[in-house]
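In what follows, chains are A, B, ... by sequence order, proteins preceding strands, each numbered from 1. Note: hydrogens, waters and symmetry copies are ignored here, and every other heavy atom, side chains too, is used.
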Number of protein chains: 4
Amino acid sequence: MDTTADRPRQVQAEDCVLSGASAAKRAQILAGAARVFAEHGYEGASMSGIARDAGVSKGTLYNYFDSKATLFSAFVEQCACEKMPLLFSRIDEGANLTESLDHLAVAMVRLFTSPLSLMLNRIIISEAGNFPALAETFWKHGPQKAINILSAWLMQHNDAGVLNIPDPVFAAEQFYALCQTRIAARARMQLPVNTDEAHITFIARSAVRTFLNAYMREDPRLPPFVMERAPD
Amino acid sequence: MDTTADRPRQVQAEDCVLSGASAAKRAQILAGAARVFAEHGYEGASMSGIARDAGVSKGTLYNYFDSKATLFSAFVEQCACEKMPLLFSRIDEGANLTESLDHLAVAMVRLFTSPLSLMLNRIIISEAGNFPALAETFWKHGPQKAINILSAWLMQHNDAGVLNIPDPVFAAEQFYALCQTRIAARARMQLPVNTDEAHITFIARSAVRTFLNAYMREDPRLPPFVMERAPD
Amino acid sequence: MDTTADRPRQVQAEDCVLSGASAAKRAQILAGAARVFAEHGYEGASMSGIARDAGVSKGTLYNYFDSKATLFSAFVEQCACEKMPLLFSRIDEGANLTESLDHLAVAMVRLFTSPLSLMLNRIIISEAGNFPALAETFWKHGPQKAINILSAWLMQHNDAGVLNIPDPVFAAEQFYALCQTRIAARARMQLPVNTDEAHITFIARSAVRTFLNAYMREDPRLPPFVMERAPD
Amino acid sequence: MDTTADRPRQVQAEDCVLSGASAAKRAQILAGAARVFAEHGYEGASMSGIARDAGVSKGTLYNYFDSKATLFSAFVEQCACEKMPLLFSRIDEGANLTESLDHLAVAMVRLFTSPLSLMLNRIIISEAGNFPALAETFWKHGPQKAINILSAWLMQHNDAGVLNIPDPVFAAEQFYALCQTRIAARARMQLPVNTDEAHITFIARSAVRTFLNAYMREDPRLPPFVMERAPD
DNA sequence: GATGAATGAGCTTTCATTCAT
DNA sequence: GATGAATGAAAGCTCATTCAT
């Protein structure tokens, strides 16, 4: 028996009160699903558990989502489309180029240790084989967007003659990679990482210095940036 | 989760024939487990499937491993202890510093796209919450060892006055991070990556140049390395 | 299981507009139920599916019928009372006795392969244990009526001296059984049957000949009917 | 996960004790399944109920049969292949042709009211759409076989000049149909039928007389069989 | 030591029915 | 009167684990 007749369609902005209630219930279910999927992963989560956590019956779950896989996809897509963008905020213009990049690097390092980002990474890596579309979605709304914004910003400074960047997209990707130094890989595996303010600042600044030593247009009057030791 | 409790220990040279057979059967089981866990993950693998793939009965599985969790741990530990080291081979000494690092960077980029490494990463990230010890083991035998070797090597060149590295461990970690540019994150999510020889070489050389521009002791007679565009 | 309890009764001529609408909706629901029950049987049909097919909400279903069982009974009774009689049309008087019986036999053979009759048979046989009343109803409006009409007709010819029928009801039942030769049992089981015009005619004629050889008053001047081979 | 590794293969005659136990368990399950399917039909039966009735766990059910459908098929096939033949016993040779046919007709009428035959009929008609193969199997081992034996027997008497049967198979089918007079259709629908010895004998004898009046080679010295009234 | 049949809790999913709107 | 969201019992099926042989 096809259940599509029993389920609410995607709510539109102009939908009436009933549809608003529908959308609210949908959100309520997604919230419960988020908690359970985040904690137990896809296979480890049970629809019973999600129903309990969301405060609805199992039947209601299936009124809103065709299957566990559908619910999972909806959860990941929502995170990717609605919550990820909040993490990739605009590049804060600092007093100068170095400061701006420093701000950005700190934000990125923080991102790589944020629970939401880590959870999404973990879940998408776990289920990449079974839900290839989710990895695409996540990548497009997350890393891809960040790299695009950064590469555009780098190109501006390249054109302004401050930086010398033959391949801005790749440079952005290097910057993205440098910001993962020391903590990202360990955080993904839930190994302890030092998230002290000082340590994060050090990692971010080190990323910026390494990056700028490679891409700053050489100016005979300026010495290269000096690398530092990590704080104790 | 301890796998050493009441199971046949690793055979010693003086062990009798029976123990030898025991060790062989253990290896046989692990081989089957490896195939099944690698393909289906922890939750997706069934003990029946492993028994079938290993060519033993389910009862025998439980004679050698207390539980699915124990078998899984043993499988991951074996990969980490026996197979990972083969991937992190010695730094090939090249004609000079740059060449040596180039070789190493290429090896690392290749590592990050090797099926074994990706599978282990995926499996450990998936089950990090349920098997924290595995992440530790993996880290110790994989990335940690690589970083240690590299940092020692960097320190040598620092002491020799070629490089100027205030924090060799962190520098090694930056090198490690730089080698992940563009492909590692995507490969982990099973998104398509370009593994052409030319592209891998480009990523590796770019990592080395960015790295050396930051850490090469400044020599007024030498210009900094010039960054390049990616090949088409 | 009684469907007449607290539901809108059959509308009378003097009923108001609302009751007319009520009866129409009831018919609309029954039409949907007919399609779904006919296709999926009792257990296989879902109230959601019936509601969808009938174009009403599930709630409305329950406003008109107390339960799935009630709706099913109403559907079967409607078929039996309204549609079956159409199948058991009057005996077409032919030019003579043999021709009349031939016409009737062909009609009966056709009946036993008609989709509606087969569906009703199948459904009633399936649910006979759970809905004993339905079998009674069906029998009364279907086979029983046919046998009654036929036995009355036979009795006329008996009294007219053409036939010699000591037990007209039983004779009618034999005729009814003879018309089922070869195809009825197979059609009930959805096994392939030959419904070619020629084949049906052969079965019908054979039934009539066998019947008349047994019940025709012996007339020394007339030879018995000769049985034939089936057409290729 | 494929469960085929966990299930026992079809036991052979020469199988050892273990396989004997396996076959016994299989039979035990089939016995339970028979009771439950016979009572509730396919859809109405639950695997839990069958497990309970058979005295095994649900898991064991699935160790022996892949699915509910498989178990159902096995049950029907077993009935058709092993139990049906017992019902279609050989034609008891009577003192003469009429007596032989009388014996056979009585056996057939009894068959059409036997609980096993009725149950099989009911179940196969119910599930003919979903299990077309079962109807084929049933037909082949039941009616088909009976008709074959009977038609061969009729042909012998035809060749011996006693009967005059242009189409022995069709004649056998008419005999088969005649034996269903009055009771078969009603029994299939679980409507009350008169199974008194006298009544069954009457139906059987009437079938034989009607049949012989059509197919007995005309012998001017012999009058046709006289039809009778049913006993009160 | 090896086997694999047996277990039963637990899974995802369906659906008749209710009831607030 | 009509709606359809919500319910929750019950379905078919899986699988880690045990244990008699």
Side-chain angles (χ1 to χ4, degrees), chain A residues 1-3 5-8 17-19 21-22 25-26 43-51 55-69 71, chain B residues 8 18 21-22 25 43-52 56-71, chain C residues 8 18 21-22 25 43-52 56-69 71, chain D residues 1-3 5-8 16-19 21-22 25-26 43-51 55-69 71:
Chain A
M1 293 294 131
D2 186 352
T3 68
D6 302 332
R7 268 180 307 95
V17 178
L18 260 174
S19 293
S22 222
K25 180 82 49 175
R26 206 185 131 93
E43 299 266 20
S46 85
M47 292 299 263
S48 292
I50 292 172
V56 300
S57 73
K58 250 188 297 183
T60 298
L61 239 54
Y62 282 89
N63 281 342
Y64 285 85
F65 299 93
D66 281 344
S67 65
K68 189 185 183 183
L71 175 54
Chain B
L18 261 174
S22 230
K25 180 112 358 195
E43 299 267 18
S46 83
M47 292 297 264
S48 286
I50 292 171
R52 194 180 331 127
V56 300
S57 73
K58 261 189 291 184
T60 301
L61 238 56
Y62 282 88
N63 281 342
Y64 285 85
F65 300 93
D66 284 346
S67 65
K68 188 185 184 184
T70 305
L71 176 54
Chain C
L18 260 173
S22 230
K25 180 110 3 192
E43 299 267 16
S46 83
M47 292 298 263
S48 286
I50 292 172
R52 194 182 328 127
V56 300
S57 73
K58 263 189 288 183
T60 299
L61 238 55
Y62 282 88
N63 280 342
Y64 285 86
F65 299 93
D66 285 345
S67 66
K68 189 186 183 183
L71 176 54
Chain D
M1 290 294 134
D2 187 351
T3 66
D6 302 332
R7 268 178 309 94
C16 67
V17 178
L18 260 174
S19 293
S22 222
K25 180 82 50 178
R26 206 184 131 92
E43 299 268 18
S46 85
M47 292 299 264
S48 293
I50 292 172
V56 300
S57 72
K58 241 187 307 181
T60 298
L61 239 54
Y62 283 91
N63 282 343
Y64 285 84
F65 300 93
D66 282 344
S67 64
K68 189 186 183 183
L71 176 54

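- The CE-C1' distance, from C:M47 to F:dA9, rounds to 17 Å in whole Å.
- Separating the CG atom of A:L61 from the P atom of F:dA5 is a distance of 15 Å, rounded to the nearest angstrom.
- Residue D:A69 is classed as having no contact, given no heavy-atom separation below 4.0 Å to the nucleic acid.
- Rounding to the nearest 0.5 angstrom, the gap separating the OG1 atom in D:T60 from the CZ atom in D:R26 is 14.0 Å.
- Atom-to-atom, CZ of C:F65 to C1' of E:dT17 comes out at 16 Å; the value is rounded to the nearest Å.
- Atom C1' of nucleotide E:dT3 and atom CZ of B:R52 are separated by 16 Å, given to the nearest angstrom.
- Under 4.0 angstrom from either OP1 or OP2 of F:dT14 there lies no side-chain N or O belonging to D:Y62.
- Where D:G59 and B:V56 meet DNA chain E, the nucleotide closest to each residue was compared, and B:V56 sits on the side nearer the 5' end.
- Of the two residues near DNA chain E, D:S57 and A:E43, the one whose nearest nucleotide lies more 5' is D:S57.
- Across the strands present, F:dA9 finds its partner in E:dT14; the criterion is a Watson-Crick or G-U wobble pair with both atom distances under 3.5 angstrom.
- In this structure, CE on B:M47 lies 9.5 Å from NZ on B:K58, to the nearest 0.5 angstrom.
- No hydrogens or angles were tested; on distance alone, nothing pairs the side chain of C:K68 with the base of E:dT17 as donor and acceptor under 3.5 Å.
- Note: NZ (A:K25) to P (E:dA20) measures 14 Å, nearest angstrom.
- In this structure, D:I50 CD1 and D:S46 OG are separated by 7.0 Å, a value rounded to the nearest 0.5 Å.
- Between D:Y64 and E:dA6 there is a side-chain polar atom (N or O) within less than 4.0 angstrom of OP1 or OP2.
- E:dT3 and F:dA20 make up a base pair, with Watson-Crick or G-U wobble contacts both under 3.5 Å.
- Remark on DNA chain F: of its neighbouring residues C:T60 and D:G44, the 5'-side contact belongs to C:T60, judged by nearest-heavy-atom nucleotide.
- Side-chain atoms of B:K25 and B:N63, non-hydrogen and from C-beta on, never get closer than 4.5 Å to each other.
- In this structure, C:F65 and C:L61 have side chains that are not in contact, with every pair of non-hydrogen atoms separated by 4.5 Å or more.
- Relative to the side chain of A:S46, the nucleotides E:dA2, F:dG12, E:dT12 differ in distance, and E:dT12 lies closest.
- Side-chain atoms of B:K58 stay outside donor-acceptor range of the base of E:dT3, with no qualifying N/O pair under 3.5 Å.
- Picking from E:dA16, F:dT17, E:dA2 the nucleotide with the shortest atom distance to the side chain of B:N63 gives E:dA2.
- Remark: P of F:dG12 and CD1 of D:I50 are 8 Å apart, rounded to the nearest angstrom.
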